[in-house]
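Take a look at the structure set out below.
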Amino acid sequence: MLAFLVLLSVALASAHLHDEHFEGDKVFRVDVEDESHINLLKELVNTMQIDFWKPDSVTQVKPQSTVDFRVKAEDVSIVEDFLEQNELPSEILINNLKSLLEDQFDSRVRATGHSYVKYNKWETIEAWTQQVANENPDLISRSIIGTTFEGRNMYLLKVGKAGSNKPAIFMDCGFHAREWISPAFCQWFVREAIRTYGHEIHMTELLEQLDFYILPVVNIDGYVHTWTKNRMWRKTRSTHPGSSCIGTDPNRNFDAGWCQIGASHQPCDDTYCGPSAESEKETKALADFIRNNLSSIKAYLTIHSYSQMMLYPYSYDYKLTKDNVELNTLAKATVKELATLHGTKYTYGPGATTIYPAAGGSDDWAYDQGIKYSFTFELRDKGRYGFILPESQIQPTCEETMLAIKHVAAYVLDHLY
Ligand SMILES: [Zn+2]
């Protein structure tokens with residue numbers, strides 16, 4: 001009995017250690033003007049653990065930019081003093097992360113099962129992939145392209161009417177675990193395909209002429225972790241020999257200038273590139289699928305959040321692609337279309353200059369495989385809620401993003417290569 005109680009208390013203590021509660025955590029926004037500001041931020045990072053929201057790490061901070069980061073409650077006063085003493089212009093974006101986390105589930109839909117206007121946990125999404133495929137056999141088929149580090153099936157939905165030699169568009173969601181609006185969009189896209197096929201002329205044509213490969217969640221293990229242990233988790237959940245730190249940044253793990261810039265070799269960092277390119281089972285499965293279907297895939301779309309941007313290659317280098325003019329023109333027209341619904345403004349451009357240089361990203365890799373139309377979307381918002389976008393924004397966000405994706409798809413159909 002005593003042994004049982006000791007074991008129980010050890011289990012409870014460790015559960016407490018690993019569960020993050022975020023009470024009193026704040027998110028700061030600093031206006032970085034010059035190199036001296038960047039050096040001050042680096043100084044701060046060396047003295048305590050700081051969770052970078054935008055950009056992804058301190059090494060990616062550029063002059064004349066804004067930087068968003070989360071500070072744990074116990075460090076808040078030190079950070080506030082530091083910012084004040086060094087006259088770093090800053091504001092508090094989120095005053096208490098805990099209360100914002102409670103507000104994210106603000107949908108008025110009471111459904112306990114799957115809902116397109118709520119955030120769904122993985123088990124619910126998994127069951128949903130089966131259900132949509134079963135209910136729409138002439139439009140959707142489901143396959144498994146691999147398993148995750150923790151052994152979960154990676155489901156891929158093929159959406160489109162049957163036909164031979166159809167060109168395809170590949171779209172994935174949920175690279176970074178905490179970007180919950182991303183998987184919500186992939187689910188929304190499938191719903192719109194089902195709902196409007198045969199009723200709306202543009203979607204009908206798209207599904208008759210094209211196949212969409214939809215990977216609803218890439219980093220399933222990480223996503224599960226954000227629901228069960230740590231809402232702010234970003235990476236995969238793989239372990240690495242020689243380190244007690246867990247996870248690799250899947251969007252630094254592709255073989256595109258791998259780990260040369262804007263990525264870290266340190267397993268404890270949030271932008272850890274992994275021990276080698278495609279070291280993660282999840283990125284390997286995705287890359288293998290695309291390699292095996294290169295002859296049909298004409299566009300690669302990857303959905304992230306936040307900051308309202310539409311990016312195209314390159315991110316691993318400042319060089320421009322040979323298709324730069326065309327990609328720029330398409331991005332410009334796409335964000336204009338997106339804004340028509342709710343006025344949401346997106347910026348666009350090559351990744352390295354528009355957001356920051358970062359090697360090992362899937363969009364650069366896909367482009368270098370020969371997929372000309374390769375885009376990363378950073379969905380809402382611009383930092384008011386950041387990763388904690390309330391459920392009440394799922395519908396407007398997905399509606400406007402649908403306009404963008406349909407615009408790109410129609411363009412691709414008109415410009416097959
Ligand atoms: Zn992301």
Side-chain angles (χ1 to χ4, degrees), residues 27 51-61 67-70 119 148 170-186 215-227 230-237 247-254 256 259 261-264 269-274 280 282-283 286-287 300-316 346-352 354-366 374-383 385-389 393-394 397-398 401 404-405:
V27 175
D51 173 21
F52 273 77
W53 282 25
K54 194 187 76 156
D56 299 327
S57 78
V58 73
T59 60
Q60 290 166 292
V61 176
V67 179
D68 304 346
F69 55 84
R70 172 174 67 96
Y119 295 120
T148 66
F170 187 99
M171 179 166 75
D172 60 52
C173 293
F175 254 77
H176 292 133
R178 61 190 176 182
E179 299 165 6
W180 281 12
I181 188 62
S182 167
F185 177 70
C186 269
L215 184 53
V217 186
V218 176
N219 177 11
I220 305 167
D221 298 344
Y223 188 71
V224 169
H225 195 71
T226 60
W227 278 85
N230 180 354
R231 174 67 180 83
M232 288 301 120
W233 190 255
R234 165 183 169 90
K235 299 190 284 182
T236 62
R237 293 294 300 167
T248 292
D249 184 339
N251 209 33
R252 299 292 189 282
N253 193 236
F254 283 77
C259 225
I261 189 169
S264 169
D269 287 351
D270 249 353
T271 54
Y272 178 47
C273 58
E280 304 308 287
E282 298 83 356
T283 55
L286 194 166
Y300 171 78
L301 309 174
T302 182
I303 311 295
H304 290 250
S305 75
Y306 63 96
S307 58
Q308 296 173 200
M309 287 178 176
M310 183 175 175
L311 306 167
Y312 48 85
Y314 287 107
S315 290
Y316 68 75
Y346 269 53
T347 51
Y348 60 94
T354 309
I355 182 163
Y356 36 69
S362 61
D363 54 353
D364 282 359
W365 175 82
S374 177
F375 292 101
T376 295
F377 285 84
E378 298 275 357
L379 305 188
R380 290 192 194 185
D381 57 10
K382 289 179 82 69
Y385 295 99
F387 302 118
I388 322 297
L389 197 71
Q393 288 201 38
I394 293 176
T397 303
C398 291
T401 310
I405 300 301

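We count ligands from 1, going down the list as the structure has it; atoms in each ligand are counted the same way. Fair warning: this is a prediction, and the values are worked out from it, not measured in the lab.
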Within less than 2.8 Å, report the number of protein N/O/S atoms around the Zn ion (ligand 1).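 Number of qualifying protein atoms: 4.
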Tested for side chain to side chain donor-acceptor pair (under 3.5 Å) against Asp363, the lone hit among Asn251, Thr302, Thr376 is Thr376
Going by the rule side-chain contact (heavy atoms from CB on, under 4.5 Å), which residues pair with Cys398 if we only count those two or more places apart in sequence or in a different chain? Phe185, Trp188, Ile394
Does a side chain donor of either Gln60 or Ser57 reach within less than 3.5 Å of an acceptor in the other side chain?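 The answer is yes; a qualifying pair exists.
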Can you confirm whether or not the ring centre of Trp180 sits under 6.0 Å from the ring centre of Phe387?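 So the answer is no for these two rings.
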When the ring centroid of His304 is compared with that of Phe377, is the distance short of 6.0 Å?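 No - the distance between ring centres of His304 and Phe377 does not fall below the 6.0 Å cut-off.
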Here the pair of heavy atoms bringing Ser305 nearest to Ile181 is CB-CG2, 3.5 Å
